[in-house]
Amino acid sequence: MASPFTETVYKATRQIPKGKVATYAQLARMCGNPKAARAVGAAMRTNPDIPKTPCHRVVASDGSLTGYSAGFGIKTKREMLLAEGVSFKGTKVNLAVSQWQK
DNA sequence: ATTTTGACTTAAG
DNA sequence: GCTTAAGCCAAAA
């Protein structure tokens, strides 16, 4: 835990089912602040590990893979999502079929 | 308390 | 597809 908001973001992130992805804005909305997408990203930056919080399942609003500090960065993130069965559209995630639906 | 920064988003060129 | 610009939020300095 780093801060209350960050804690909430982690909790939301852990709820993302395998093979699905959620956008920063979507998680922000779950946390109670639909406009805190940026803060969500800041929280993710603090989270160094995968098994604890699947930050690799969190993508930008258009499905683009941004950030990620582990492994080879974006490249690693893409590989992981692909391995989980997430549908990809070139460099982006095919949100139409892989976006998490609450 | 104020400023800076950033894994964001949308709009516009 | 990429860069700028403006908007909003939270954590860190």
Side-chain angles (χ1 to χ4, degrees):
Chain A
M1 71 178 278
S3 56
F5 188 82
T6 304
E7 187 180 337
T8 306
V9 173
Y10 291 159
K11 194 170 112 180
T13 305
R14 281 193 294 262
Q15 293 169 54
I16 304 172
K18 188 168 79 69
K20 292 282 181 177
V21 297
T23 66
Y24 293 98
Q26 191 175 345
L27 289 175
R29 193 178 63 215
M30 292 168 61
C31 295
N33 292 315
K35 299 183 175 71
R38 220 168 179 172
V40 172
M44 288 300 159
R45 183 179 70 72
T46 318
N47 174 19
D49 294 303
I50 296 155
K52 185 175 178 186
T53 302
C55 43
H56 60 277
R57 293 183 189 150
V58 183
V59 300
S61 64
D62 63 346
S64 302
L65 277 55
T66 53
Y68 209 66
S69 305
F72 297 93
I74 301 304
K75 187 168 53 169
T76 302
K77 187 171 176 179
R78 186 182 58 192
E79 294 294 308
M80 274 191 293
L81 289 172
L82 195 64
E84 291 189 351
V86 175
S87 178
F88 265 77
K89 178 76 68 171
T91 60
K92 298 180 182 177
V93 175
N94 186 354
L95 296 176
V97 297
S98 296
Q99 182 170 33
W100 179 36
Q101 299 173 40
K102 61 177 173 52

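Below, each value reflects all heavy atoms present in this structure, side chains not excepted, and no hydrogens, waters or symmetry copies. In the text below, chain A, chain B and the rest are named by the order of the sequence lines, each starting its count at 1.
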- Item | Contact under 4.0 Å: A:N33 side-chain N or O vs C:dC8 OP1/OP2 | no

- Item | Minimum side-chain heavy-atom gap A:V58-A:W100 below 4.5 Å | no

- A:P54 side chain reached by A:T13 side chain, heavy atoms, under 4.5 Å: yes

- Message: Please classify the nucleic acid contact of A:S61 as base, sugar-phosphate, or nothing, using heavy-atom distances under 4.0 Å.
- Response: sugar-phosphate

- Spatial distance of atom CE (A:M44) from atom CG (A:L27) [nearest 0.5 Å]: 5.5 Å

- Between atom CE of A:M30 and atom NZ of A:K11, what is the distance when rounded to the nearest 0.5 Å? 9.0 Å

- Message: Once hydrogens and angles are ignored, does a donor-acceptor distance under 3.5 Å link the base of B:dA7 to the side chain of A:Y24?
- Response: yes

- Query: Do any N or O atoms from the side chain of A:D62 and from the backbone of A:S64 form a donor-acceptor pair under 3.5 angstrom?
  - Reply: yes

Check: protein-nucleotides 11-13 of chain C nitrogen or oxygen pairs below 3.5 Å:
from: C:dA11; atom 1: OP1; to: A:S3; atom 2: OG; distance (Å): 2.6

- Which whole-number value in Å describes the distance from A:L27 CG to B:dG6 C1'? 17 Å

- Does A:N94 reach the side chain of A:F88, with side-chain heavy atoms less than 4.5 Å apart? no

- Are the side chain of A:S87 and the backbone of A:S98 linked by a donor-acceptor contact shorter than 3.5 Å? no

- Rounded distance [0.5 Å steps], SG in A:C55 versus OH in A:Y24: 8.0 Å

- Query: Atom CZ of A:R29 to atom C1' of B:dT9: distance rounded to whole Å?
  - Reply: 14 Å

- Task: Flag the pair A:V9 / A:T53 as yes when at least one side-chain heavy-atom distance between them is below 4.5 Å, and no otherwise.
- Result: no

- Contacts of A:S3 that satisfy side chain to side chain donor-acceptor pair (under 3.5 Å) - sequence neighbours left out: A:T6

- Message: Using whole Å, what does the distance between atom C1' of nucleotide C:dC9 and atom CE of A:M30 come to?
- Response: 17 Å

- Item | Pairwise side-chain contact, A:L65 with A:L81, heavy-atom cut-off 4.5 Å (strictly under) | yes

- Represent DNA chain B in dot-bracket notation, 5' to 3'. Only Watson-Crick or G-U wobble pairs with both distances under 3.5 Å count; pseudoknot-style crossings use [ ] and interstrand partners use |. .|||||.||||||

- Query: What is the per-nucleotide protein-contact pattern of nucleotides 1-6 of chain C, from the 5' end, where B denotes a base atom under 4.0 Å from a protein heavy atom, S denotes such proximity for sugar-phosphate atoms only, and - denotes neither?
  - Reply: ------

- Message: Output the rounded distance in Å from NZ (A:K35) to C1' (C:dG7).
- Response: 10 Å

- Pick base, sugar-phosphate or nothing for A:A37, based on heavy-atom distances below 4.0 Å to the nucleic acid. sugar-phosphate

- Heavy-atom contacts under 4.0 Å between residues 95-102 of chain A and DNA chain B, which residues? none

- Message: What is the distance, to the nearest angstrom, from the CD1 atom on A:I16 to the C1' atom on B:dA7?
- Response: 13 Å

- Message: Please identify which of these residues, A:V21, A:V97, A:L95, meets the side chain to side chain contact (heavy atoms under 4.5 Å, CB included) condition with A:V86.
- Response: A:V21

- Query: Is there a side chain to side chain contact (heavy atoms under 4.5 Å, CB included) between A:T91 and A:I74 once you walk through the steps?
  - Reply: CA-CA 10 Å; A:T91 60; A:I74 301 304; over 6 Å; no

- Among C:dC9, B:dT9, B:dA7, the one nearest A:M44 by side-chain distance: B:dA7

- Query: Just how far, in rounded Å, is C1' of B:dA7 from NZ of A:K75?
  - Reply: 18 Å

- Query: Could you give the CG-to-P distance, from A:D62 to B:dT9, as a whole number of Å?
  - Reply: 7 Å

- According to the side-chain hydrogen bond (donor to acceptor under 3.5 Å, both in side chains) rule, which pairs have a member within residues 70-84 of chain A, sequence neighbours left out? A:H56-A:E84, A:R57-A:E84

